[in-house]
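The structure under discussion appears below in the form of structure tokens.
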There are 2 protein chains.
Amino acid sequence: MSLESVPPKYAQLVQALQRRIESGTYPPGSLLPSEHQLIQEFSVSRPTVVAALRVLREQGWIESQQGKGRFVRGRPAMAAVEPNRPGQAYLTNPETSTPGELIEAGAVALPNRVAALLDAQPKSKAFLRRRVVIRDSEPTEQVSLWLPLELSEGTSLTSGEPLREGIREHLRSRKGVRFDHIVEQITARMPTAQEAKQLGMPKNVPLLAVFGAVRDASGRPLVVVEVLLPADRHELEDAYPVS
Amino acid sequence: MSLESVPPKYAQLVQALQRRIESGTYPPGSLLPSEHQLIQEFSVSRPTVVAALRVLREQGWIESQQGKGRFVRGRPAMAAVEPNRPGQAYLTNPETSTPGELIEAGAVALPNRVAALLDAQPKSKAFLRRRVVIRDSEPTEQVSLWLPLELSEGTSLTSGEPLREGIREHLRSRKGVRFDHIVEQITARMPTAQEAKQLGMPKNVPLLAVFGAVRDASGRPLVVVEVLLPADRHELEDAYPVS
DNA sequence: CGCTCAAACTTGGTAAAACAACCTGTCGGG
DNA sequence: CCCGACAGGTTGTTTTACCAAGTTTGAGCG
């Protein structure tokens, strides 16, 4: 049969050059072979070489300078640190995959901040689903999910049972909405007495509160996720290029 | 003279299509004209059309599906929110551009977390430069900069005078190091008595502590920036695509 | 009428060629 | 000795051409 599709030539070239950079054949700071040399060595056409080098440049492996050549920068170190995005996991993974306890599931009045993120009137009603996540037999995080009432109708989110499907897939198949990006706000505050008790944390330790507004491609807010992290047990990490 | 360089054709095509999407000529969800139609309308070749459409896809304006066509997604809403990166501004802007007060400048023993970010031994010596930034006649943030001693030698950072040049440019011209990316850690904690006093904040309000490890292209840490933000007055915002 | 399959569309990938813009040496002439 | 012109290298942009792969449509046949 041999239906294994071979990757396109330019992708093979990308991998070959990446291997050479990682192995030290093309050390950082050195000049990459010119387009003409690569054409001859790999027996491909110039558009193929250029396509491969464009990918490498966009990924940060090399940088090019018209008239001089392409310089090796090395394996992009930034890609090594994967940011931890609280809330991401709760949107794609089913609730049954992480142990936890559902502590609230019903319609409530929206807090001001959440209402603003949902483009809704303050104190208007929305559906709230709140869970405490348990790791190593200890409560570690509280995850809250707010949905407009029209988005919660006809879904299993209103039930008190753990979801056996990711929220993202659940809403896509039943309501036809497609998650696109998340606008995230990070703040810190002291826990309420109830929160400290539910999370098993001292009352004098602050909380990291992460609000994630999930929106579709046009920017319309769909749901809001709030993750509460005791600051003595969690921290957030991210990486970005300096402008 | 007419030395104004005209943008390349594919970039012009990108702008033209962006305008049509924004004006509603190509509403979201609709099918973009096929490559052949665009070739005829704009009188360009196919690679030029493809290059323009590739840019639009990478920027999130459209998505393509082999065999069917290219679908309009609309103006990428994510790009509208620009993340606020504390520390970024302090690396590029001169200290004289924002009012503040220098409260420390000298060699100190490294705290554990900063030593780890610098790949240095804990309690080893490094140079610390600490400033309180004043906005609207009120202290609002504390910015600390740690540098390895060999990187601070021969610079004006060790002086008690405000820098008239950005730190990034300062270190590039005098020490030849080039900033590439930042690995950021966000935590929350209670302020010390001294910090609360210097920042003019209540003692029962937590601090958002942002640690930024500035590294070069190979991942070697260069300097560490710490920004302390009273949580009742600041919050962090960011946006990212849902995977 | 319903099903099958081929034709005609779409985007994705490769090849060959040419010109333009930019950099860096070398080789003269002043 | 200095400086400018020039040749030869590099990447950037554009064109023409062809084939491959996925999707839709409709003609034709049972």
Side-chain angles (χ1 to χ4, degrees), chain A residues 1-18 20-21 26-73 217, chain B residues 1-18 20-21 25-74 217:
Chain A
M1 316 281 272
S2 94
L3 288 181
E4 313 93 32
S5 59
V6 294
K9 283 189 184 177
Y10 78 93
Q12 298 180 27
L13 225 182
V14 166
Q15 290 191 348
L17 295 176
Q18 284 175 342
R20 291 192 184 179
I21 292 177
Y26 300 151
S30 68
L31 208 52
L32 217 61
S34 72
E35 295 178 359
H36 184 63
Q37 289 172 302
L38 291 175
I39 290 170
Q40 293 201 329
E41 177 179 355
F42 290 91
S43 302
V44 293
S45 70
R46 185 159 177 246
T48 302
V49 170
V50 170
L53 294 173
R54 179 176 51 75
V55 171
L56 288 176
R57 186 184 52 187
E58 286 170 354
Q59 292 185 354
W61 291 75
I62 63 176
E63 54 189 84
S64 54
Q65 203 168 334
Q66 197 178 28
K68 295 187 72 174
R70 287 168 167 108
F71 295 90
V72 178
R73 291 184 31 157
Chain B
M1 316 281 268
S2 92
L3 288 183
E4 314 93 30
S5 59
V6 294
K9 282 188 184 177
Y10 76 93
Q12 297 180 28
L13 225 183
V14 166
Q15 290 191 347
L17 294 176
Q18 284 175 342
R20 291 192 183 178
I21 292 176
T25 310
Y26 300 150
S30 68
L31 209 51
L32 218 61
S34 72
E35 296 177 358
H36 184 64
Q37 289 173 303
L38 292 175
I39 289 170
Q40 292 200 331
E41 176 178 354
F42 290 93
S43 302
V44 292
S45 70
R46 182 161 178 259
T48 303
V49 170
V50 171
L53 294 173
R54 179 176 49 76
V55 171
L56 288 176
R57 186 184 52 186
E58 287 169 353
Q59 292 185 355
W61 291 76
I62 64 177
E63 55 190 84
S64 54
Q65 200 169 335
Q66 195 178 31
K68 296 186 72 171
R70 282 162 170 116
F71 295 89
V72 179
R73 292 184 27 153

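Keep in mind that what you see is a predicted model, and the values were worked out from it rather than measured. Protein chains get the first letters and strands the later ones, always in sequence-line order, with residue 1 at the start of each.
Expressed to the nearest 0.5 Å, how far CG of B/L56 lies from OG of B/S64 amounts to 10.5 Å. One distance of note links CD of A/Q59 with CD of A/Q18; it measures 5.5 Å at 0.5 Å rounding. Atom CG of B/L13 sits about 10.0 Å away from atom CD1 of B/I39, to the nearest 0.5 Å. To the nearest 0.5 Å, atoms CD1 (B/I62) and CZ (B/R54) are separated by 11.5 Å. Between B/E35 atom CD and B/Q40 atom CD the span is 13.0 Å, to the nearest 0.5 Å.
Counting 5' to 3', DNA chain C first comes under 4.0 angstrom of a heavy atom of chain A and last does so at the ends given by C/dG13 to C/dT24.
Residue contacts shown for A/R54 are absent, as no nucleic acid heavy atom lies under 4.0 Å away.
Distance CG (A/L53) to P (D/dG12): 9 Å, rounded to an integer number of Å. Rounded to an integer number of Å, the gap from CG of A/L31 to C1' of D/dT11 is 11 Å. The CD1 atom of A/I39 sits 12 Å away from the C1' atom of D/dT11 (whole-angstrom rounding).
Shown here for B/L32 and B/V72, the closest heavy-atom pair between the two residues is CD1-CG2, 3.5 Å.
One finds a side-chain N or O of A/S64 lying less than 4.0 angstrom from the OP1 or OP2 phosphate oxygen of D/dG12.
Annotation: side chain to side chain contact (heavy atoms under 4.5 Å, CB included) contacts of B/E63 (sequence neighbours excluded): A/R178, B/F71, B/R73.
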Could you encode protein contacts along nucleotides 16-27 of chain D as a string, one character per nucleotide from 5' to 3', using B for base contact, S for sugar-phosphate-only contact and - for no contact, with a heavy-atom cut-off of under 4.0 Å?
B-B---BSS---
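Under the 3.5 Å distance criterion, the side-chain polar atoms of A/Q37 are matched with a main-chain donor or acceptor of A/S34.
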